Asker: 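This is the structure I want to talk about, given as structure tokens.
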Amino acid sequence: MRMSQLFSQTLREAAADADVASHRLLLRAGFIRQLASGIFCYLPLARRAMDRVETIIREEMAGIGGQEITMPVVHPADIWKATGRWYEIGTEMGRFQDKSNRDMVLAMTHEEVTAFLVSRLIKSYRQLPQLVYHIQTKWRDDPRPRSGLIRVREFTMKDSYSLDTDWDGLEKQYRAHYQAYFNIFERCGLDTIAVKSDVGMMGGRVAHEYMYLNSIGEDTLMLCDQCQYAANRQIATFRQPVVPQAQPAPLEKVSTPDTQTIEELTRLLGIPASATAKAVFLVARLLRDGEERDQFVLAVVRGDMELNETKLTNALQARELRPAHEDEIRAVGAEPGYGSPLRVQGAMVVVDAAVPSSPNLVAGANESGYHMLNVNCGRDYEPDLVVDLAAAQEGDGCPVCGAPLRARRGVEVGNIFQLGTKYTEALGGYFLDAAGANRPVVMGSYGIGVGRLLACIAEEYHDDQGLVWPVSVAPFDVHIVALARKPGPALQEAERLYRELTEAGLAVLLDDRGENAGVKFNDADLIGVPARLTVGDRSLKNGLVEFKLRREDERLEVPLAEVVQHVVQAVDRLRGELLARVGPVEYRA
RNA sequence: CGGGGUGUAGCGCAGUCCGGUUAGCGCACCUGCUUUGGGAGCAGGGGGUCGUCGGUUCGAAUCCGACCACCCCGACCA
């Protein structure tokens, strides 16, 4: 590609609202342009890099038996109604009506369509197992797109769907993906870790997320250095601290004016936060007997812990959870700021597992300005449910080995779900087994956000000057900077190298523009092609061309006759480095 | 959805408080000449519904109102 023809434009200054490095640089280097909030155009440089990412994905999917298909972006709402997700998912789903007022859905994911295909194609156990995938546009009307390509509303996702006769088959395909995903990310040069995760709107049993560790990440991960336990904080468990046991003491009311927070309470009474109980008031939307209804929930965790709303949502199988309003709190007989389960009526009391084993806690008196000493779960109030509700925190004991957990931020670049039969049952995806029985196909679902992956790579590989692409995903392999404005030896040699390197199978970008040397060098650094050749009269006089790797400062003068071979070898070496990263990974359930 | 912020040329900004020539600067873009190993020099030029609608006024980028868009924090979400 000649830079003079490239449909792009580098920018000296980035847009003011680009706050993360990948966004700023992809914009400045002319890879992307934003059309609307969370909606981007991918210009040729980005398209080429995405193509390479997609090629790697296709190769790895083929490696585990995947067959590529294409499923539509627009779906009739019927299939989403059949699985219930039309009703369960809120504003995140794009909905519209076609000209005959039929409800339509913009695809957020393709479990429904896959299950539809299963219902049409799979009749017998002899046709299973299967693995299909596609690389397709998704629409999720995220309440808050941000960080450039990291979090967008319209995006390209590789999603694959495994189809099996039973859970053992699913387990096999799941583990195949587990490994293939590491292969994909390593080949892209990106280090990731797999963490156990919540199943969220997908449903199902087991799920892992692939996380690129970086402080710009929006997910918090709890990691154990000792035993490699790794989980999203949304579901992370931890070892319960040992609590000194004591005889329950009598309830006692104390005056605690202007003491609405745990911190104020511990200061006033001179006690540790672990000796207090915290009441959190929420309203859960529950689905019971096909009817939606709101249930007031009083969650109790110890004062030194934090409520994990995902855990509570899952424990209640709630559709939605929101903070309660003050009038709702008063309606059950509780007092905001001085709340506790004592003498409340009409609330579902859900208690964290650490609370019943912690005697004589200080809790609110449900009366403004007063707390109660020596509150004991089971004696002073009856919980409706005792479950793990507390969020793991940095330093908490690893649930497996007890070593202190570390909290890190990460970006989710992929996920894998063991779905089961939810979708196939809903859409008639049944097969006949060897005994002639009708059984639903067991599904797994596996996603990778292609654009997000690219952004994470950009985030990991850049410096002050610009992007520094790993060769496997770089839009070009070599960038030839021709330091010549008019026809002459330099331009002639640059053109010859462009031809010969292209013939040698490399993707070559030739800067043939009439720009100054400085402009060309800076643009080359910004775009971040891994290898650079500088063809100018100065070196050419001595029969030399300058070679430089983007990631290194060192420059090398190479004799004209050896240039092509030198570049080919250098690119091969870079490719080899990335391939060497791929290897078997131990599966961690 | 709650809180905060910003909308003036492709990008970055000034002008808005205190209404008053033809709305300005840098970069980018076009033409010509010069220059050519790290964001060049000179000369000339093109490009604006000042986010939108409404109001106040002799007069609105500027004051008032509503709306819209975008960004950040939170809620939410994969």
Side-chain angles (χ1 to χ4, degrees), chain A residues 8-20 23-24 27-28 30 33-39 88-93 108-109 111 138-148 150-153 155 157 159 195 197-204 207-211 217-219 232 234 282 285 309-310 313 319-323 325 410-417 445-449 452 465-466 481-486 488 490-491 511 513-526 532-542 544-546 548 553 555 557:
Chain A
S8 189
Q9 173 76 58
T10 57
L11 300 172
R12 198 173 292 198
E13 290 174 285
D17 50 26
D19 54 326
V20 301
H23 187 197
R24 202 171 55 244
L27 219 46
R28 278 194 58 208
R33 278 302 157 94
Q34 180 170 325
L35 175 65
S37 179
I39 304 177
E88 288 164 19
I89 297 171
T91 54
E92 210 182 336
M93 182 183 283
M108 315 173 69
T109 171
E111 282 79 14
K138 305 280 188 287
W139 172 260
R140 296 187 189 175
D141 200 350
D142 197 289
R144 192 146 110 69
R146 68 191 98 169
S147 308
I150 299 282
R151 193 180 170 110
V152 293
R153 295 194 293 172
F155 58 100
M157 181 185 244
D159 38 328
V195 305
S197 70
D198 187 40
V199 295
M201 73 170 177
M202 292 298 179
H208 286 85
E209 291 168 338
Y210 287 75
M211 292 287 183
E218 303 178 290
D219 285 286
N232 194 310
Q234 290 181 319
L282 302 140
R285 171 143 313 158
E309 293 195 15
T310 304
T313 303
R319 293 257 329 274
E320 200 185 301
L321 206 58
R322 63 163 172 86
H325 304 137
V411 181
E412 180 190 346
V413 289
N415 54 39
I416 56 179
F417 292 93
S445 151
Y446 316 83
I448 291 178
R452 182 184 279 188
Q465 303 305 309
V481 176
L483 293 182
R485 184 171 291 180
K486 295 192 188 100
L491 203 55
D511 194 344
R513 298 175 300 170
E515 292 289 351
N516 276 289
V519 173
K520 293 184 177 181
F521 286 133
N522 278 300
D523 278 351
D525 288 347
L526 193 54
R532 188 184 82 189
L533 285 176
T534 306
V535 186
D537 292 332
R538 201 180 73 183
S539 314
L540 222 46
K541 261 188 295 196
N542 306 316
L544 299 169
V545 167
E546 184 197 277
K548 181 181 172 300
D553 291 332
R555 299 164 189 202
E557 302 261 74

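If you're wondering where the values come from, they're calculated on a predicted model, not measured in any experiment. Values reported hereafter were calculated over all heavy atoms of this structure, with side chains retained and with hydrogens, waters and symmetry mates removed. Residue numbers start from 1 in every chain, and the chains themselves are labelled A, B, ... in the order their sequence lines are given, proteins ahead of strands.
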Asker: For nucleotides 66-76 of chain B, give me one character per nucleotide, 5' to 3': B if any protein heavy atom sits under 4.0 Å from the base, S if the only such contacts are to the sugar-phosphate, - if neither.
Answerer: ----SSSBBBB
Asker: For B:A43, give the paired nucleotide (Watson-Crick: N1-N3 plus N6-O4 or O6-N4; G-U: N1-O2 and O6-N3; both under 3.5 Å), or none.
Answerer: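 Across any shown strand, B:A43 pairs with B:U31.
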Asker: At under 4.0 Å between heavy atoms, what does A:Asp198 touch on the DNA or RNA strands: base, sugar-phosphate, or nothing?
Answerer: nothing
Asker: Heavy atoms only: give me the nearest A:Ile150-A:Arg452 pair and the separation to one decimal.
Answerer: O-NE, 2.7 Å
Asker: Can you tell whether the side chains of A:Asp19 and A:Arg146 come within less than 4.0 Å, N to carboxylate O?
Answerer: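 Result for this pair is no, no salt bridge flagged.
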Asker: Looking at A:Lys520 and A:Ala482, what are the two nearest heavy atoms and their distance?
Answerer: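 What the structure gives for the nearest pair is NZ-O, 2.6 Å.
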Asker: Using a 3.5 Å distance criterion without hydrogens, assess whether the side chain of A:Lys486 forms a donor-acceptor pair with backbone atoms of A:Leu491.
Answerer: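 Here the side-chain-to-backbone pair does not exist.
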Asker: Under a 3.5 Å cut-off for both contacts, is B:G59 paired Watson-Crick or G-U wobble with anything, and if yes, with which nucleotide?
Answerer: none
Asker: Whole Å only: how far is the CG atom of A:Leu526 from the C1' atom of B:A28?
Answerer: 14 Å
Asker: Counting side-chain heavy atoms from CB outward, which of B:G39, B:G37, B:A28 is closest to A:Gln9?
Answerer: B:A28
Asker: Paired with B:G12: which nucleotide, if any, by Watson-Crick or G-U wobble criteria at under 3.5 Å for both distances?
Answerer: B:C25
Asker: Could you report the tightest heavy-atom contact between A:Leu27 and A:Ala18, atom names first, then the distance?
Answerer: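 That closest heavy-atom pairing would be CD2-CB, 4.2 Å.
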Asker: Heavy atoms only, 4.0 Å cut-off, all strands: where does A:Val152 land among base, sugar-phosphate and nothing?
Answerer: base
Asker: Using the P atom as the reference point in each nucleotide, state the distance between B:G26 and B:G20 in Å, no decimals.
Answerer: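 Those two atoms are separated by 23 Å.
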Asker: Can you name the nearest heavy-atom pair linking A:Asp553 to A:Lys548, along with the distance?
Answerer: O-CE, 3.9 Å
Asker: Between P on B:A78 and OH on A:Tyr446, what's the gap in Å once rounded to a whole number?
Answerer: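 From A:Tyr446 OH to B:A78 P: 18 Å.
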Asker: Just compare B:G39, B:A28, B:A78 and give me whichever is closest to any side-chain atom of A:Asn415.
Answerer: B:A78
Asker: A:Glu111 and A:Ser445: side-chain donor and acceptor closer than 3.5 Å?
Answerer: yes
Asker: Need one value for A:Thr91: base, sugar-phosphate or nothing, where a base atom within 4.0 Å counts as base even if backbone is also close, heavy atoms only.
Answerer: nothing
Asker: Between the base of B:G39 and the side chain of A:Glu515, is there a donor-acceptor distance below 3.5 Å?
Answerer: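 No pair found.
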Asker: Between the base of B:G10 and the side chain of A:Arg28, is there any donor-acceptor pair under 3.5 Å?
Answerer: no
Asker: Quick check on RNA chain B: between A:Met157 and A:Asp523, whose nearest nucleotide comes earlier from the 5' end?
Answerer: A:Asp523
Asker: Would you classify A:Tyr210 as touching base, sugar-phosphate or nothing, given that sugar-phosphate means primed atoms plus P, OP1 and OP2, and contacts are heavy atoms under 4.0 Å?
Answerer: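 Result for A:Tyr210 = nothing.
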Asker: When the P atoms of B:C64 and B:A40 are compared, how many Å lie between them, rounded to an integer?
Answerer: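 About 43 Å, rounded to a whole number of Å.
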Asker: Base, sugar-phosphate or nothing for A:Ala14? Non-hydrogen atoms, less than 4.0 Å.
Answerer: sugar-phosphate
Asker: Going by purine N1 to pyrimidine N3 plus the second Watson-Crick contact, or the G-U wobble pair, all under 3.5 Å, which nucleotide sits opposite B:C67?
Answerer: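 Result: B:G51.
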Asker: Would the base of B:G37 count as contacting A:Asp537 through its side chain, where contact means a donor and an acceptor less than 3.5 Å apart?
Answerer: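 Checked by distance alone, the answer is no.
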Asker: Return the nucleotide paired to B:G38: Watson-Crick means purine N1 to pyrimidine N3 with N6-O4 or O6-N4, wobble means G-U with N1-O2 and O6-N3, both under 3.5 Å.
Answerer: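 B:G38 is unpaired by these criteria.
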Asker: Compare the ring of A:Phe417 with the six-membered ring in the base of B:A78 and state whether they stack (centres under 5.5 Å, planes under 30°).
Answerer: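 No, A:Phe417 does not stack on the base of B:A78, since the centre distance and plane angle fail the 5.5 Å and 30° test.
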Asker: Would you mind reading off the distance between A:Lys486 atom NZ and B:C33 atom C1', rounded to a whole angstrom?
Answerer: 10 Å
Asker: Taking CG from A:Asn232 and C1' from B:A78, how many angstroms apart are they, rounded to a whole number?
Answerer: 10 Å
Asker: Please state whether the base of B:G38 and the side chain of A:Arg532 form at least one donor-acceptor pair under 3.5 Å?
Answerer: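 Per atom types, the contact qualifies.
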Asker: In whole angstrom, what separates A:Asp525's CG from B:G37's C1'?
Answerer: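 About 13 Å, once rounded to whole Å.
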Asker: Taking A:Pro145's backbone N and O only, do any of them form a donor-acceptor pair with A:Arg153's side chain (distance below 3.5 Å, no angle check)?
Answerer: no
Asker: Provide, to the nearest angstrom, the distance between the CG atom belonging to A:Asp141 and the C1' atom belonging to B:A78.
Answerer: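 About 14 Å, once rounded to whole Å.
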